[in-house]
Amino acid sequence: MERVGVQSRQAGPRTAVIWAVLRAELAAQGGRSLNVVDVGGGTGGFAVPLAEAGHTVTVVDPSPDALAALLRRAADAGVAQRVFGLQGDADSLADLIPAGQSDLVLCHAVLEVVDDPSGVSAALARVLRPGGAASVLVANRAAAVLSRAIAGQFRLAGELLAFREPLGSKLGRRFDAAEVTALLEAQGLAVEQVHGVRVVSDLVPGVIADADPEALAAFELAASAEAPYRDFATQLHLLARR
């Protein structure tokens, strides 16, 4: 079987940065088949392309409908033998996945909604083998403030600007880079990279974005690691290592 990097067709402007980081991580592993866990992976937007590249992916998701769609998608792509679904939420990850056996864990748009972000972060570290990596995607507080201000919701924008919500609460949880870095490092994960995702993709009118998606993706890649542009992105992506 030819194991190649994830193809560029998967990397539209909104996900180009994430895929660039993942492709680099896969390449650094020397092309070997990895054991991947996708927490909250839903219908397989990341899992199926990773399986197509030769990796074994277990998706943990609370929705049986999403898992059924995942398995249909994997079968249609010819990778059903490398994609597995487990029903459960991120808070139960430690009970679902064996410790120390995963090479790569994806945790995208999950820490915002779980009951215990610290506990989930600890579970991410637990399931990784030494040297394994976690791909973590979170909502960025600064972008939430700006998007509401641009929409004319100035009072709400001001409230968000001053608001700091305890990690134990789910309502409206957002992060800045320092907060999520501290959260992961407290569980023994060393943050190696921080990128902004959707720096301008959510601000550009659709007709303009659709006119030249390759140029938009190139801009997202160029701006993703540069302050201050990274700090205003809709989401923050971190690659952390055990």
Side-chain angles (χ1 to χ4, degrees), residues 1-63 66-90 93 96-98 100-111 120 123-138 184 189 192-193 195 197-198 217 220-221 224 235-242:
M1 180 196 315
E2 183 184 9
R3 293 188 173 92
V4 295
V6 179
Q7 298 302 306
S8 60
R9 65 180 174 84
Q10 301 296 338
R14 293 167 63 87
T15 59
V17 172
I18 304 170
W19 280 118
V21 174
L22 292 178
R23 283 196 297 270
E25 176 63 21
L26 298 177
Q29 297 299 325
R32 66 186 181 89
S33 180
L34 302 185
N35 183 7
V36 182
V37 175
D38 188 354
V39 184
T43 61
F46 283 88
V48 170
L50 287 168
E52 289 178 310
H55 308 289
T56 300
V57 188
T58 299
V59 174
V60 176
D61 197 279
S63 168
L67 293 176
L70 162 75
L71 297 180
R72 289 194 298 270
R73 187 175 188 172
D76 290 344
V79 294
Q81 73 279 14
R82 291 197 294 276
V83 175
F84 305 91
L86 286 177
Q87 186 175 356
D89 56 31
L93 179 64
L96 296 172
I97 302 294
Q101 296 185 19
S102 300
D103 301 292
L104 176 65
V105 175
L106 277 57
C107 183
H108 295 170
V110 170
L111 293 181
V120 172
L124 299 179
R126 178 183 178 275
V127 303
L128 283 171
R129 65 167 180 80
S135 168
V136 178
L137 185 70
V138 297
L184 297 175
L189 294 169
E192 296 181 348
Q193 301 178 44
H195 291 90
V197 176
R198 293 152 56 191
E220 289 283 348
L221 289 167
S224 63
Q235 296 170 305
L236 298 170
H237 181 256
L238 294 85
L239 187 76
R241 198 169 306 279
R242 181 182 172 193

Partner set under side chain to side chain donor-acceptor pair (under 3.5 Å) for [X], not counting sequence neighbours:
X      : value
Ser135 : His108, His237
Arg129 : Gln29, Asp103
Glu192 : Arg241

Could you tell me the separation between the [atom1] atom of [X] and the [atom2] atom of [Y], rounded to the nearest 0.5 Å?
X      : Y      : atom1 : atom2 : answer
Leu104 : Asp38  : CG    : CG    : 9.0 Å
Leu238 : His195 : CG    : NE2   : 10.0 Å
Leu111 : Leu124 : CG    : CG    : 7.0 Å
Gln235 : Ser224 : CD    : OG    : 13.0 Å
Leu50  : His55  : CG    : NE2   : 6.5 Å
Thr58  : Arg82  : OG1   : CZ    : 13.0 Å

Closest contact, heavy atoms only, [X] versus [Y]:
X     : Y      : result
Val83 : Ala51  : CG2-CB, 3.5 Å
Ala75 : Ala80  : CA-CB, 4.0 Å
Leu71 : Gly85  : CD2-N, 4.3 Å
Pro13 : Glu220 : O-CG, 3.7 Å
Trp19 : Gly45  : CZ2-O, 3.8 Å
Ala90 : Val39  : CB-CG1, 3.6 Å

- Message: Tell me which one of Val36, Leu70, Asn35, Leu106 satisfies side-chain contact (heavy atoms from CB on, under 4.5 Å) with Val57.
- Response: Val36
Using a 4.5 Å cut-off on heavy atoms from C-beta on, say whether the side chain of [Y] contacts that of [X].
X      : Y     : value
Leu221 : Val17 : yes
Phe46  : Val59 : no
Leu86  : Ile97 : yes

- Item | Residues Leu96, Val37; criterion side chain to side chain contact (heavy atoms under 4.5 Å, CB included); working and verdict | CA-CA 11 Å; Leu96 296 172; Val37 175; over 6 Å; no
